[in-house]
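To keep things clear, I will list the structure first and then write my remarks on it.
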Amino acid sequence: MYVLGVETSCDETSVSIVKDGKEVLSNEVLSQIDIHKEYGGVVPEIASREHIKGITFVFDKAIRDAGIGFDDIDLIAVTEGPGLIGSLLIGVNAAKTISLNYHIPIIGVHHITGHIYASNIENDMQFPLIALVVSGGHTELILMKEHFSFEKLGETQDDAVGEAYDKVARVLGLPYPGGPVVDKLSRQGIDKYHFPRPMIDTDDFNFSFSGLKSHVINLHHNMIQRNEHINAPDFCRSFQEAVTDVLVRKTIKAKEKYEVKQIVVAGGVAANSGLREKMRSSIQDIPVYFPKMAYCTDNAAMIAVAGYFKYLKQKKYDDLMLNGSSRLKMDEGEL
Amino acid sequence: MSKILVIDTATKNIYLSLVIDGVEKQSVFQEGINNHSVTIIPFLDEMLKKESVELKEIDEIIIGIGPGSYTGVRIGVTVAKMIGYMNATKVKTISSLALIASASEKEFVIPYVDARRGNAFLAAFRQVNGKLEYIEFDMMRNVEEYLRTWKFDYDFISEGHPKIQKILNSDLLETVDNVNDLQPNYLRITEAERNKNEDKN
Ligand SMILES: [Zn+2]
């Protein structure tokens, strides 16, 4: 079964062809990061304008790379949300146009299920499993007892991890996106400040990062006021240690409570080297899978894979009324 | 047989038309309900089915490229762009303001789309013997200021079921050479870009 994946929820225009939920024949990603860098974050209207500029080019590249024709596609999977609405609508309408043109069924996919299913490309999922989804918009712990069944155990009460990274980076005068830069600098620093680990010992599976973020920002501000030398690597390392301690501890707690067979870490922050190392060194009795970098950040391959498993589970398609939704919610058994 | 598909989603109204051999066989003009993203493909599907035409068989697309609602216009342009790309269909663009103007019978017509804070996207047309011509090209202006410059009796309209024949008979259509380059005519850079430019100056 050939699935065409389409992802335009934020600032990446991506189209992919995946065979049988596993074999990635092509995964074309047109990133706008260099454009949004100048604004210190994603500007929604600019993102939409860039998506529409590049959309046919990306489809064409993905189809050519896969060496198939539109006629060969069995299912179209498109991100319907959550995300930037103007951006989502371009992917959704492009996908619906293909559906109408070639009479190919279409299925809407929740972006986060895509991130989780990115893991299945390289390692088959084994249930039950815990997925830790960490990105610029999400920090969630999800329990999956079988394919395409999602139970949200907990989530951030305020900032997403990636968001906290970006804000800390901005205060330190580091370029956007902050995550990779903070990660890189932290390798040269030490955990000098030992920042608080918010909610690390609470009984639930929720997170909070805004207090930690404020703490970092306040310390930085006070040091500037006192004319003290700011050592960015030490700031980054101290922040990263605090964040990853919380993420790892909560994941372990969930692992033990639900006796899971594997851990999947998904989303852009899954690319963080500190998180990877700490997760792997702290959890050794069951496998911890991180998708490879190209599948951590937003991409359409993960949407195609999720769409494939969603179809297998639900055995139904969406109709042509399918729409984008910026705040797509969890519904019955599905994110 | 020539089959032309017309699409415009730049205003709160959606307009679709299927012209076969010079005759408008089907058209949809839905007012007020701003959910083009939901309806455009189902409406297209319905129109095509009624005429037993496949999307692949369309010979030419005429797409309203704005100015108008940024999110709205992108929906139609995305659809037109994809059809043009998949089927190598010839694509022509038309100002969404010209489509609005075509609904009027007055000699002088000023079509507009509200752009907030007293501004509008507007243009001025003259029609003689049913032939629509620009007097002033698409622009964004303060409405009161602009209308004060007008001495003739004119029709100032923001909506109306387009008369596609007038558009087909006009010289207002522009052929798109490479469909990959097709994008809306926003008429304005984004606020973020404006702010950045101001910071520089
Ligand atoms: Zn994402």
Q.
Run B:Q183 and A:R49 through side-chain contact (heavy atoms from CB on, under 4.5 Å) and show every step you take.
A. CA-CA 8 Å; B:Q183 51 174 321; A:R49 291 185 181 196; 5.8 Å; no
Point to revise | Any side-chain heavy-atom pair of B:Y186 and A:E45 under 4.5 Å | key: yes
### Message
Do B:M86 and A:T97 have side chains that approach each other closer than 4.5 Å (heavy atoms only, starting at C-beta)?
### Response
yes
Identify which of [options] forms the greatest number of heavy-atom pairs closer than 4.5 Å to chain B.
options                     : result
A:L322, A:I98, A:D319       : A:I98
A:L320, A:T56, A:L89        : A:T56
A:S99, A:A94, A:G54, A:G324 : A:A94

How about [range] versus chain A: which residues have heavy atoms under 4.5 Å apart?
range                       : value
residues 163-174 of chain B : none
residues 48-79 of chain B   : B:L48, B:E54, B:L55, B:K56, B:Y70, B:T71, B:R74, B:I75, B:V77, B:T78, B:V79
residues 94-126 of chain B  : none

Donor-acceptor pair, A:K96 side chain versus B:S37 backbone, under 3.5 Å? yes
Taking a cut-off of under 4.5 angstrom between non-hydrogen atoms, the residues of residues 162-181 of chain A near chain B are none
Applying a strict 4.5 Å limit to non-hydrogen atoms, the region of A:D60 in contact with chain B is both
So, the part of A:H103 with a heavy atom under 4.5 Å from chain B: the answer is side chain
